[in-house]
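Below you'll find the structure, written out as structure tokens, and then a few comments.
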Amino acid sequence: MRRTTPPAGRKGRPRSPEADAAILSATRQALVDLGWSKLTMGDVAARAGVAKTTLYRRWAGKSELVVDAVAVLFDELELPDRGSLAADAEGVVLQFAALLERPEARTALMAVVAESTRDEALRTRIRHAIVDRQKRLVLEGRRRAQERGELPYEADEAAASRTADLIFDVVAGAVVHRSLVSAEPVDVAWARSFTVLLLGGLAATSAPPGGSAPGPPLLNRRRG
């Protein structure tokens, strides 16, 4: 039988998506059961049914492992196409809140955020693995709104990027605070009120019934 030669530059065994998923799932469950301080790489390996060396080939330590375990949950978020900027924003807020209601998501996120206050490298990893990846939702929402004619196109790419960052911070900050700090429900009524505030600014909350709210300043502001 003719022997095939592996592609040049390939080293070691290929990573198994199934093993990775089992490891990340075991990490989240271990956090719920044990908490950050008692979580060990050995415990995760035992729960996932893999050797501890398998974990260390993929992750340098538990900080990196837990961030990735959280990141894959956030990757499940999608921007629904509900026909308008306001409806799309409301939908993603509710989706984000539903994710934070899951014990494994809530516990893992709070653990890495707390630990990152003492670890600059961990803070950087959170930014790259979670925050930067999830800004896609803002960019996609803005693109759709521009195609619908709800928002103008922005010629200044740097200004557009800063606006996207601000929108992400406002949405993520409000939902995380409401869900995890205040421990209040993010229901349809709250999501709708928040979306009105986000798109119209403070003046929108005092607009008379049936009156037209101001345009969305955070989203369509032109910067000179």
Side-chain angles (χ1 to χ4, degrees), residues 12-80 91-138 140 168-169 171-188 190-191:
R13 290 181 183 175
R15 289 180 64 157
S16 162
E18 293 78 12
D20 282 358
I23 291 167
L24 297 177
S25 177
T27 302
R28 294 189 296 270
Q29 191 56 51
L31 269 172
V32 173
D33 295 343
L34 304 173
W36 177 275
S37 62
K38 294 182 179 179
L39 177 71
T40 66
M41 298 288 271
D43 181 79
V44 172
R47 288 169 181 258
V50 300
K52 190 159 66 171
T53 53
T54 300
L55 266 67
Y56 281 108
R57 280 199 298 268
R58 291 162 164 77
W59 295 278
K62 77 175 185 180
S63 295
E64 293 84 356
L65 174 59
V66 173
V67 170
D68 284 2
V70 178
V72 296
L73 292 181
F74 280 85
D75 286 342
E76 295 175 12
L77 294 174
E78 296 180 356
L79 184 70
V92 80
V93 163
L94 291 170
Q95 216 183 118
F96 183 27
L99 174 62
L100 294 180
E101 287 180 2
R102 293 162 59 177
E104 69 273 21
R106 181 172 61 246
T107 302
L109 180 62
M110 292 184 77
V112 293
V113 168
E115 191 65 21
S116 71
T117 62
R118 300 183 291 273
D119 187 335
E120 177 62 31
L122 178 57
R123 201 154 51 237
T124 299
R125 188 176 182 91
I126 291 170
R127 185 166 60 249
H128 292 328
I130 300 175
V131 175
D132 289 347
R133 284 200 332 226
Q134 297 315 312
K135 285 180 183 173
R136 64 186 170 82
L137 299 170
V138 173
E140 175 66 11
F168 180 88
D169 290 344
V171 174
V175 177
V176 168
H177 188 278
R178 175 83 176 175
S179 299
L180 304 185
V181 180
S182 299
E184 296 288 345
V186 177
D187 52 20
V188 172
W190 187 89

Listed by chain and number, what are the side chain to side chain donor-acceptor pair (under 3.5 Å) partners of [X], not counting sequence neighbours?
X: R125; value: D68
X: R136; value: Q134
X: E76; value: R102
X: E78; value: none

On a heavy-atom basis, which atom in [X] and which in [Y] lie closest, and how many Å separate them?
X: A71; Y: A129; answer: CB-O, 3.5 Å
X: A191; Y: L94; answer: CB-CD2, 3.7 Å
X: Q95; Y: P80; answer: NE2-CD, 3.9 Å
X: R58; Y: D20; answer: NE-OD1, 2.6 Å

In Å, rounded to the nearest 0.5 Å, how long is the span from [atom1] of [X] to [atom2] of [Y]?
X: L79; Y: L137; atom1: CG; atom2: CG; result: 6.0 Å
X: L100; Y: T107; atom1: CG; atom2: OG1; result: 11.0 Å
X: F168; Y: D132; atom1: CZ; atom2: CG; result: 8.5 Å
X: L73; Y: E104; atom1: CG; atom2: CD; result: 6.0 Å

Member of I126, T27, L109 meeting the side-chain contact (heavy atoms from CB on, under 4.5 Å) criterion with V67: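 Result: among I126, T27, L109, I126 is the only option passing the side-chain contact (heavy atoms from CB on, under 4.5 Å) with V67.
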Student check: side-chain heavy atoms of [X] and [Y] closer than 4.5 Å:
X: R106; Y: L180; result: yes
X: M41; Y: V44; result: no
X: T40; Y: K62; result: no
X: M110; Y: W36; result: no
X: V138; Y: V171; result: no

- request: Sort and list the pairs that fulfil ring pair (Phe, Tyr, Trp, His ring centres under 6.0 Å) and have at least one residue in residues 93-121, not counting sequence neighbours.
  value: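 Sorted result for residues 93-121: F74-F96.
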query: With distance as the sole test, does T117 use its side chain to make a donor-acceptor pair with the main-chain N or O of A114 at under 3.5 Å?
result: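 Such a contact is found between T117 side chain and A114 backbone.
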- prompt: Any donor and acceptor pair, going by atom type alone, linking the side chain of E64 with main-chain N or O of G61 inside 3.5 Å?
  reply: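 Checking the backbone N and O of G61 against the side chain of E64, a donor-acceptor pair under 3.5 Å is found.
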Taking only residues two or more places apart in sequence, or in another chain, which ones meet [X] in a side-chain contact (heavy atoms from CB on, under 4.5 Å)?
X: E101; value: none
X: S37; value: none
X: V72; value: L24, R28

query: Does any pair with a residue in residues 30-54 pass salt bridge (charged side-chain N to carboxylate O under 4.0 Å, His left out), and if so which ones, sequence neighbours excluded?
result: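 Of all non-adjacent pairs touching residues 30-54, those that pass salt bridge (charged side-chain N to carboxylate O under 4.0 Å, His left out) are D33-R47, D43-R47.
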message: Restricting to salt bridge (charged side-chain N to carboxylate O under 4.0 Å, His left out), what partner residues turn up for D119, sequence neighbours left out?
response: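 With sequence neighbours excluded, D119 shows a salt bridge (charged side-chain N to carboxylate O under 4.0 Å, His left out) to no residue whatsoever.
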- prompt: Under the ring pair (Phe, Tyr, Trp, His ring centres under 6.0 Å) test, which residues partner W190, sequence neighbours left out?
  reply: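 With neighbours one apart ignored, the set is F194.
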- request: Please collect all side chain to side chain donor-acceptor pair (under 3.5 Å) contacts where either partner lies in residues 178-188, sequence neighbours excluded, each pair once.
  value: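 Pairs touching residues 178-188 that pass the test: H177-S182.
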